[in-house]
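Just so we're on the same page: letters track the sequence lines, and every chain starts at 1.
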There are 2 protein chains.
Amino acid sequence: MLVQNQGKNTEALGKVLLKEKGLKQTQLRIELIKHFNSAMHAQSYTDLKQAMVKDVDKSTLYRNLATFEEVGLIHSINDHSGVTKYAKGASPNSGQSHAHFVCDSCETVYCMKGKSELKYEVPQGFTPRNVQTIIRGNCAHCESSR
Amino acid sequence: MLVQNQGKNTEALGKVLLKEKGLKQTQLRIELIKHFNSAMHAQSYTDLKQAMVKDVDKSTLYRNLATFEEVGLIHSINDHSGVTKYAKGASPNSGQSHAHFVCDSCETVYCMKGKSELKYEVPQGFTPRNVQTIIRGNCAHCESSR
DNA sequence: TTTTATAATGCAACTTAGTTGCATTTGCAA
DNA sequence: TTGCAAATGCAACTAAGTTGCATTATAAAA
Ligand SMILES: [Mn+2]
Ligand SMILES: [Mn+2]
Ligand SMILES: [Zn+2]
Ligand SMILES: [Zn+2]
């Protein structure tokens, strides 16, 4: 019964989160939050579009992603692929943040645990505020299937 | 006379570089190399287009940037802006690389000296190969004019 | 429960960055 | 000097994301 309830529980959690942020609880938003909670890696627009039960409009989805990012429900990641990806948790706009692992083989983006520390040498006059780290290599899945 | 010759010297250097890489010495390529050598920060397509004496075609410029990157004359940088920027020097595709500083105020991208070391903890099974670091903050220019 | 105001959605048209196919031109080696 | 592969220019295309606006749904008030 714990397992059966899990879906409903995360749905309830999503609703609470939306209320906290002052956002209306639409079907799409609840499903999005649920999806972000269970996703093992960062999601592209296409990933999300395909994961949604009902067909979602492009602008609606992008607008919700923008809104979610603004209120700190998700953060976005830009690897070198031209496709933005999104994952659960606030944007690391100020101070520390976690690193992202981008698989060279499957292009999947993973959020890493821990935080990248801000200890880089910058030239005189420059004021660093935040560091974004992208680690490239092979993910566990691609590495094992070689 | 040293100063007067500088233009010609870097031009000659560019020609040598192109020959080394097996690329034909066109006016645009020579001018591009000269420009990259004197640029104090990473250059967008628009920056480069405007810097060229003659009007350059979009595809020609982009194709040259791709070629230059392939042969290691330049590397490209993706900040969070959607506009790729380019700077002198080989792409840090394998092993270590330098960090990039992106100014939050003027969006200028600077190549930092030194190399980012590969000392991140990744999950079991993941094989890191290379790290890309973007430092955000204010550049010396924007910081001084506040 | 019904009404109402506001926020969210859907659709189409647009933008921006970059790419591709192809005919023409140019650099350079023979 | 000539021949040819490589480079260029043009136009048309693509992919990702954005914008304006009319319609619809959510949530609070009545
Ligand atoms: Mn992340
Ligand atoms: Mn650089
Ligand atoms: Zn992979
Ligand atoms: Zn600046």
Side-chain angles (χ1 to χ4, degrees), chain A residues 11-12 14-33 42-71 73-86 91 102 107 109, chain B residues 11-12 14-33 42-71 73-86 91 102 107 109:
Chain A
E11 187 165 323
K15 287 186 181 178
V16 170
L17 232 44
L18 287 169
K19 182 158 274 181
E20 270 179 19
K21 302 294 183 181
L23 299 173
K24 288 188 178 175
Q25 302 172 30
T26 70
Q27 204 196 316
L28 173 61
R29 284 176 178 173
I30 292 160
E31 207 186 342
L32 274 176
I33 293 181
Q43 303 284 297
S44 67
Y45 158 78
T46 311
D47 293 336
L48 294 166
K49 163 124 189 159
Q50 287 171 353
M52 296 301 102
V53 173
K54 293 183 62 181
D55 198 48
V56 203
D57 181 71
K58 202 185 351 177
S59 53
T60 303
L61 182 38
Y62 275 118
R63 280 193 274 233
N64 274 305
L65 292 171
T67 305
F68 279 15
E69 187 161 23
E70 275 164 32
V71 300
L73 286 175
I74 61 172
H75 62 282
S76 63
I77 305 113
N78 285 107
D79 50 10
H80 220 205
S81 76
V83 183
T84 302
K85 283 158 192 168
Y86 304 85
S91 221
V102 181
E107 286 294 310
V109 175
Chain B
E11 187 165 322
K15 288 186 181 178
V16 169
L17 232 43
L18 287 170
K19 183 158 272 180
E20 270 179 19
K21 302 294 183 179
L23 299 174
K24 289 188 177 173
Q25 301 173 30
T26 68
Q27 203 197 318
L28 173 62
R29 285 177 176 171
I30 292 162
E31 207 186 343
L32 273 176
I33 294 182
Q43 302 285 298
S44 67
Y45 159 77
T46 311
D47 293 335
L48 294 166
K49 162 123 188 159
Q50 287 172 354
M52 295 301 101
V53 172
K54 292 182 65 180
D55 198 45
V56 202
D57 182 70
K58 203 189 347 182
S59 53
T60 302
L61 182 38
Y62 274 118
R63 280 193 276 235
N64 275 304
L65 291 172
T67 305
F68 278 16
E69 186 160 25
E70 276 163 32
V71 301
L73 286 176
I74 61 173
H75 63 283
S76 63
I77 305 114
N78 285 106
D79 50 9
H80 221 204
S81 76
V83 183
T84 303
K85 283 159 193 171
Y86 304 86
S91 221
V102 181
E107 286 295 309
V109 176

Polar side-chain atom of Lys85(A) near backbone of Ser44(A) as donor-acceptor pair, under 3.5 Å: no
Rounded distance in Å - CD (Gln27(B)) to C1' (dA6(D)): 17 Å
Gap between atoms CG and C1', on Asp57(B) and dG18(C) respectively (whole Å): 12 Å
Euclidean distance, Met52(A) CE relative to Glu31(A) CD, rounded to 0.5 Å: 4.5 Å
Test item: Thr60(A) side-chain N/O and Val56(A) main-chain N/O as donor-acceptor pair under 3.5 Å: no
OP1 or OP2 of dG18(C) under 4.0 Å from side-chain N/O of Tyr62(B): yes
Sugar-phosphate only, base, or nothing, as touched by Thr26(B) at under 4.0 Å among non-hydrogen atoms: sugar-phosphate
5' precedence on DNA chain C between Gly22(A) and Gln25(B) (nearest-nucleotide basis): Gly22(A)
Spacing of Lys21(A) atom NZ relative to dA7(C) atom P, expressed in whole Å: 18 Å
Nucleotide of dT9(C), dT19(C), dC11(C) approaching Arg29(A) most closely (side-chain heavy atoms): dT9(C)
Selection from dC28(C), dA27(D), dG10(C) that lies nearest to any side-chain heavy atom of Lys24(A): dA27(D)
Nearest-Å distance for atom pair CG/C1', residues Leu28(B) and dT25(C): 15 Å
Any donor-acceptor pair under 3.5 Å from Arg29(A) side chain to Asn64(A) backbone: no
Interatomic distance where CD belongs to Glu69(B) and C1' belongs to dT19(C) [whole Å]: 15 Å
Side-chain donor/acceptor contact of Lys58(A) with base of dG10(C) under 3.5 Å: no
Touch class at under 4.0 angstrom, heavy-atom based, for Thr67(A) against every strand present: nothing
Separation of atom CG in Leu65(A) from atom P in dT9(C), rounded to whole Å: 11 Å
Intermediate values then yes/no, side chain to side chain contact (heavy atoms under 4.5 Å, CB included), Leu61(B) and Leu32(B): CA-CA 9 Å; Leu61(B) 182 38; Leu32(B) 273 176; 4.0 Å; yes
Among dC21(D), dG21(C), dA7(D), the one nearest Arg63(A) by side-chain distance: dC21(D)
For atom CD1 of Ile33(A) and atom C1' of dA8(C), their distance in whole Å: 15 Å
Distance in angstrom units between Leu61(A) CG and dA8(C) C1', rounded: 13 Å
Any Ser59(A) side-chain nitrogen or oxygen under 4.0 Å from OP1 or OP2 of dC11(C): no
